[in-house]
Amino acid sequence: MPSATVAELELDLEVFSGPFDLLLTLVLKEEVDLLEVELADVVLSYLDVLEARGDLDLEVATEFLVLIAALLELKSRLMLPREDEELLDLDPGEALEELLARMLEAKRFRSAAEHLRERLASQEGVRFRSAPLPASLRKVTYEGVASVYEPDRLGAAIGDLLKVPEEVSIRHLTIPRVSVAERLAHLRGLLRRGAATFDDAVRGADRVTVAVTLFALLELYKQGEATWVQDEPFGEIAISPCTRPAWDHVELAS
Amino acid sequence: MSELARTVEALLFLAPEPVTFVALREACEVSDDELQDAVDELKRALEPGTRGLELRELAGGFTLATSPDAEPAARRLLARPRTPPLTPAQAETLSIVAYLQPVSRPEIARIRGVSADSAVTTLLERGLIEEGGRSQFGAVLYRTTPLFLKLFGLKSLDELPDPSRWDPTPDEEAELRDRLLRAGEARAGGPPPLGAGPEVVASAGPAAVEPASEDPVGADG
Amino acid sequence: MSELARTVEALLFLAPEPVTFVALREACEVSDDELQDAVDELKRALEPGTRGLELRELAGGFTLATSPDAEPAARRLLARPRTPPLTPAQAETLSIVAYLQPVSRPEIARIRGVSADSAVTTLLERGLIEEGGRSQFGAVLYRTTPLFLKLFGLKSLDELPDPSRWDPTPDEEAELRDRLLRAGEARAGGPPPLGAGPEVVASAGPAAVEPASEDPVGADG
């Protein structure tokens with residue numbers, strides 16, 4: 001049965017305006033490019049509807065979540081660059097199969113969950129005793145206890161814990177990766193040549209790099225390596241190296 | 001009642017958890033056959049409707065439990081329910097763990113379409129699930145506990161019904177497929193622009209739809 | 001056995017403490033006489049030598065107790081150290097305590113990447129680990145017990161197997177504790193938020209930072 005709320009969810013997005021189920025159909029037929037659909041806006045619209053209705057139909061909400069999650073996954077797969085050619089071949093038929101499989105899987109476990117709830121309810125009234133042992137049985141003697149555990153199990157557990165998980169490769173995503181360490185090195189390089197502005201430090205950089213550079217700057221300040229002045233909000237930030245960098249202290253101390 | 005059956009009854013009364021056949025046999029220092037006879041005798045003596053207690057086989061062992069007839073009085077005396085019911089999120093998470101164990105949090109979240117963190121935490125606290133190793137990436141995997149079996153009245157996990165019994169019928173599946181593909185068409189009005197009705201897709205899958213549209217990625221640039 | 005006597009039996013089975021006549025009467029919602037009859041009936045049914053359980057009347061009220069005949073078997077079943085197989089979480093936690101002792105709970109959690117509370121509790125209950133002082137930040141420190149050595153067949157901690165046999169990167173020079181903490185952080189999803197901890201900066205440059213020897217454990221908790 002079409003669930004009223006999901007189907008009737010009216011969307012007004014940049015690339016599409018109309019009901020959610022129509023959007024879904026068009027996406028599956030590739031008449032609307034999933035890459036251009038702001039899924040976050042779909043979620044926000046849905047939240048607005050929920051808020052306006054004031055009640056939450058769990059069945060419907062669950063279906064929406066499964067659908068939107070599957071769409072997100074499809075979309076993220078579409079965002080892979082060309083070198084992952086195989087994964088790119090996601091035609092509408094496959095997208096449909098994938099969505100269908102996801103919804104069926106979710107449905108199966110919802111039914112299983114219902115079964116478990118009924119099962120638990122059917123055990124209502126079956127209670128177990130939970131009482132401490134009588135004192136005479138509480139005295140445990142360790143004499144004559146044989147070894148039952150393998151010491152190697154402990155060594156093996158430590159070995160497993162020493163394994164550093166392989167870093168998941170996100171090279172195919174366009175997320176710029178920049179570390180505070182890199183930006184610290186960059187700032188220190190600039191400051192060795194004297195004062196600089198924040199704009200100098202982030203010329204041509206993307207938003208994430210700008211943010212990380214700011215973190216790095218705060219770190220430098222905390223360490224007493226640099227200080228800065230900003231005359232007005234959004235104004236230029238002038239950075240100058242401190243006269244006594246932190247490592248001098250360390251050297252003096254040691 | 002034979003002395004051995006009496007001893008078994010006493011042991012099950014004292015033991016905090018279900019006791020396996022082997023543990024009972026070793027404690028009583030008898031043969032398999034002797035113990036089996038005693039267990040059978042006890043089972044008959046505690047036949048439902050005979051006594052206030054019943055002998056149950058749960059979580060791989062034997063245990064004594066109250067007969068449900070006494071529940072109203074038990075509730076008045078103990079002033080607490082047996083075990084609180086599960087919320088839908090907890091039940092869903094528990095069913096995923098029960099059927100797919102061992103399973104990681106991300107996998108549970110993927111199936112549910114939504115994070116399972118709070119449900120997992122609650123189920124851990126209630127002792128219904130526990131850690132059961134790690135995935136190759138180091139993620140903790142979860143499995144159900146003996147307490148889960150005990151509270152849900154199961155001898156073992158094998159007693160869980162085959163999940164395929166909840167699979168939709170072919171009709172239901174066709175309807176869902178139809179709905180996914182066509183839901184919006186009625187609103188769009190007119191025949192589907194690509195002329196690919198759901199039947200075509202349903203029958204032949206990917207190959208049937210040849211939208212020949214631009215590469216989806218190309219649209220990105 | 002009458003339904004009321006069965007109910008009384010169930011109630012006494014559930015109650016960990018003796019139950020007074022009045023409490024029983026209120027729970028069963030019957031008159032004094034009716035309850036007295038039921039108690040008498042139950043007393044006859046549980047006459048010593050009849051069942052594994054007996055009805056006892058103590059100062060505090062009525063209670064069920066096992067017959068003394070079952071005592072030897074009960075000792076064999078229950079009055080001994082509990083040594084069920086270790087779960088993966090328990091083995092991990094125990095190995096961390098064994099090799100790094102003394103070690104605090106937050107540190108164990110950091111190495112594992114997930115909480116170790118339930119495993120620590122179980123290991124304490126089973127007597128495999130015990131409290132051994134406090135860290136400078138007040139966190140309880142754990143160490144292994146003599147029972148631990150016994151159950152693992154070790155004369156002393158020196159006999160713990162050398163973990164380098166299982167070490168995935170045996171060439172690493174750093175201390176075991178540091179390496180475990182680093183791997184744990186990676187499992188839990190990378191180092192702390194950007195610029196938050198001294199580690200981030202420490203990796204950046206030479207003696208740039210002298211992290212003021214912030215206890216990694218204290219920082220976490």
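Proteins come first, then strands; the chains are lettered A, B, ... in the order of their sequence lines, and each starts at number 1.
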Where does B:Thr93 contact chain A at under 4.5 Å (heavy atoms): side chain, backbone, both or neither? neither
Just wondering, do A:Glu105 and B:Arg112 contact through their side chains at under 4.5 Å, heavy atoms? no
If every non-hydrogen atom of B:Phe13 is compared with every non-hydrogen atom of A:Arg129, which pair is closest and at what distance? CZ-CZ, 3.3 Å
Hey, are the side chains of B:Pro88 and A:Arg117 touching, using non-hydrogen atoms and a 4.5 Å cut-off? yes
Quick one: do B:Phe152 and A:Gln123 satisfy side chain to side chain contact (heavy atoms under 4.5 Å, CB included)? Show the steps, please. CA-CA 6 Å; B:Phe152 283 73; A:Gln123 297 298 305; 5.5 Å; no
Side-chain heavy-atom pair A:His115, B:Ser95 within 4.5 angstrom cut-off: no
Side-chain donor or acceptor of A:Ser111 paired with backbone N/O of B:Trp166 under 3.5 Å: no
Shorter than 4.5 Å, heavy atoms on both sides: which option in B:Pro163, B:Gly138, B:Ala15 has the most such pairs with chain A? B:Pro163
Would you mind checking which part of A:Leu133 comes under 4.5 Å of any heavy atom in chain B, side chain (CB onward), backbone (N, CA, C, O), both or neither? side chain
Counting only heavy atoms closer than 4.5 Å, note whether B:Leu58 contacts chain A via side chain, backbone, both or neither. side chain
From A:Arg108 CZ over to B:Ile111 CD1, what is the distance, rounded to the nearest 0.5 angstrom? 9.5 Å
Taking side chain as C-beta onward, heavy atoms only, is A:Arg127 less than 4.5 Å from B:Leu78? yes
Side chain, backbone, both or neither: which part of B:Arg110 has an atom under 4.5 Å from a heavy atom of chain A? both
How far does CG of B:Leu160 sit from CZ of A:Arg119, to the nearest 0.5 angstrom? 7.5 Å
What one should report as the nearest heavy-atom pair of B:Pro85 and A:Leu120 is CA-CD2, 4.3 Å
Euclidean distance, A:Lys107 NZ relative to B:Glu173 CD, rounded to 0.5 Å: 10.0 Å
Could you tell me which portion of A:Ile68 (side chain, backbone, both or neither) has an atom closer than 4.5 angstrom to a non-hydrogen atom of chain B? neither
So, applying side-chain contact (heavy atoms from CB on, under 4.5 Å) with A:Phe128, which one of B:Leu151, B:Leu64, B:Thr66 is it? B:Leu151
If I measure from the heavy atoms of chain A, does B:Thr87 come under 4.5 Å with its side chain, its backbone, both, or neither? backbone
What is the distance from atom CG of A:Leu116 to atom CD1 of B:Ile96, rounded to the nearest 0.5 Å? 11.0 Å
Using a 4.5 angstrom heavy-atom cutoff, name the option from B:Lys150, B:Glu17, B:Glu54 with the most pairs to chain A. B:Lys150
From NZ (A:Lys163) to CZ (B:Arg134), nearest 0.5 Å: 10.5 Å
Please flag which part of A:Leu161 lies under 4.5 Å from any non-hydrogen atom of chain B: side chain, backbone, both or neither. side chain
For each of B:Pro161, B:Ser67, B:Ala89, B:Ser164, tally heavy-atom pairs with chain A at distances under 4.5 Å, and name the one with the top tally. B:Pro161
State, yes or no, whether a side-chain contact exists between B:Asp167 and A:Leu104 at a heavy-atom distance under 4.5 Å. no
